[in-house]
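Because only heavy atoms are used, hydrogens play no part in the values below, and waters and symmetry mates are left out as well, while side chains stay in. Please read these numbers as outputs of a predicted model, since none were measured by experiment.
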Amino acid sequence: MAREPLRVLTESMFYVLLSLLRQERCGTEIVEFVDNTTAGRVPLGPGTLYTILGKFVEEQLIEETAVEGRKRTYRITERGRALYRQELSRLKLCVEDGEREGWG
């Protein structure tokens with residue numbers, strides 16, 4: 001059975017892609033970015049982070065740009081940027097729906 005490509009991102013996945021939009025980062029820098037951006041609201045432990053990074057590399061959403069010992073640096077691909085934009089649009093629609101129903 002063929003695997004279905006990613007269509008919807010988890011919150012952690014969304015922030016990992018966001019962290020790579022402007023610059024390449026290693027895992028530690030990604031965690032620091034997500035922690036700072038969300039004020040700690042989105043915890044990103046090593047198991048979650050490296051599962052996401054592995055899936056993203058497999059899906060060609062990101063790619064490794066450097067490996068120094070255990071440190072790996074990543075950048076987002078055009079495919080990753082497209083999925084990020086798609087997810088951002090989806091989330092905006094969700095917020096609009098909620099606000100229209102009087103919960104905003």
Side-chain angles (χ1 to χ4, degrees):
M1 178 179 228
R3 232 177 13 83
E4 190 71 22
L6 277 175
R7 293 183 199 272
V8 176
L9 300 175
T10 66
E11 191 172 25
S12 297
M13 290 174 164
F14 177 85
Y15 280 103
V16 168
L17 288 181
L18 176 63
S19 76
L20 297 170
L21 287 177
R22 296 187 191 268
Q23 70 183 65
E24 298 177 6
R25 296 180 195 266
C26 69
T28 304
E29 293 167 329
I30 292 170
V31 169
E32 186 176 296
F33 175 89
V34 173
D35 189 54
N36 290 339
T37 301
T38 67
R41 181 178 50 80
V42 178
L44 197 55
T48 301
L49 174 66
Y50 290 104
T51 298
I52 290 170
L53 292 175
K55 182 159 189 65
F56 281 1
V57 167
E58 182 182 315
E59 297 277 336
Q60 299 176 339
L61 302 173
I62 64 172
E63 58 192 11
E64 285 185 6
T65 58
V67 178
E68 298 173 32
R70 293 179 58 193
K71 180 181 177 182
R72 296 173 186 271
T73 303
Y74 302 90
R75 78 170 150 226
I76 193 168
T77 64
E78 282 308 311
R79 187 175 179 166
R81 287 180 188 279
L83 182 59
Y84 171 82
R85 286 189 300 268
Q86 176 185 319
E87 182 66 7
L88 186 59
S89 293
R90 187 187 73 79
L91 291 170
K92 285 179 180 179
L93 290 172
C94 289
V95 170
E96 289 172 11
D97 292 342
E99 288 175 342
R100 190 172 37 256
E101 290 299 314
W103 296 101

Which value, rounded to the nearest 0.5 Å, describes the distance between E68 atom CD and R70 atom CZ?
14.0 Å

Would you call E87-R90 a salt bridge at under 4.0 Å N-O?
yes

What's the separation between atom CG in L9 and atom OH in Y84, rounded to the nearest 0.5 Å?
10.0 Å

Just to verify, what does T51 make a side-chain contact (heavy atoms from CB on, under 4.5 Å) with, not counting sequence neighbours?
none

Heavy-atom closest pair (P43 atom, S12 atom, distance to 0.1 Å) is O-OG, 4.2 Å

Would you give me the side-chain donor-acceptor pairs under 3.5 Å for residues 14-30, sequence neighbours excluded?
| residue | atom | partner | partner atom | Å |
| --- | --- | --- | --- | --- |
| Y15 | OH | R41 | NH2 | 3.0 |
| S19 | OG | V16 | O | 2.6 |
| E24 | OE1 | T65 | OG1 | 3.0 |
| E24 | OE2 | R75 | NH1 | 3.3 |
| R25 | NE | S19 | O | 2.5 |
| E29 | OE1 | C26 | N | 2.8 |

Residues that E32 engages under side-chain contact (heavy atoms from CB on, under 4.5 Å), provided they are two or more places apart
N36

Evaluate the side-chain proximity of L83 to Q86: yes if any heavy-atom separation is below 4.5 Å, no if none is.
yes

Value for CE (M13) from OG1 (T48), rounded to nearest 0.5 Å, stands at 10.0 Å

Euclidean distance, T77 OG1 relative to L61 CG, rounded to 0.5 Å
5.5 Å

Hydrophobic cluster membership, V95 vs V42, 4.5 Å side-chain cutoff
no

Compare every heavy atom of L44 with every heavy atom of L49, then report the nearest pair and how far apart it is.
CD1-CD2, 4.0 Å

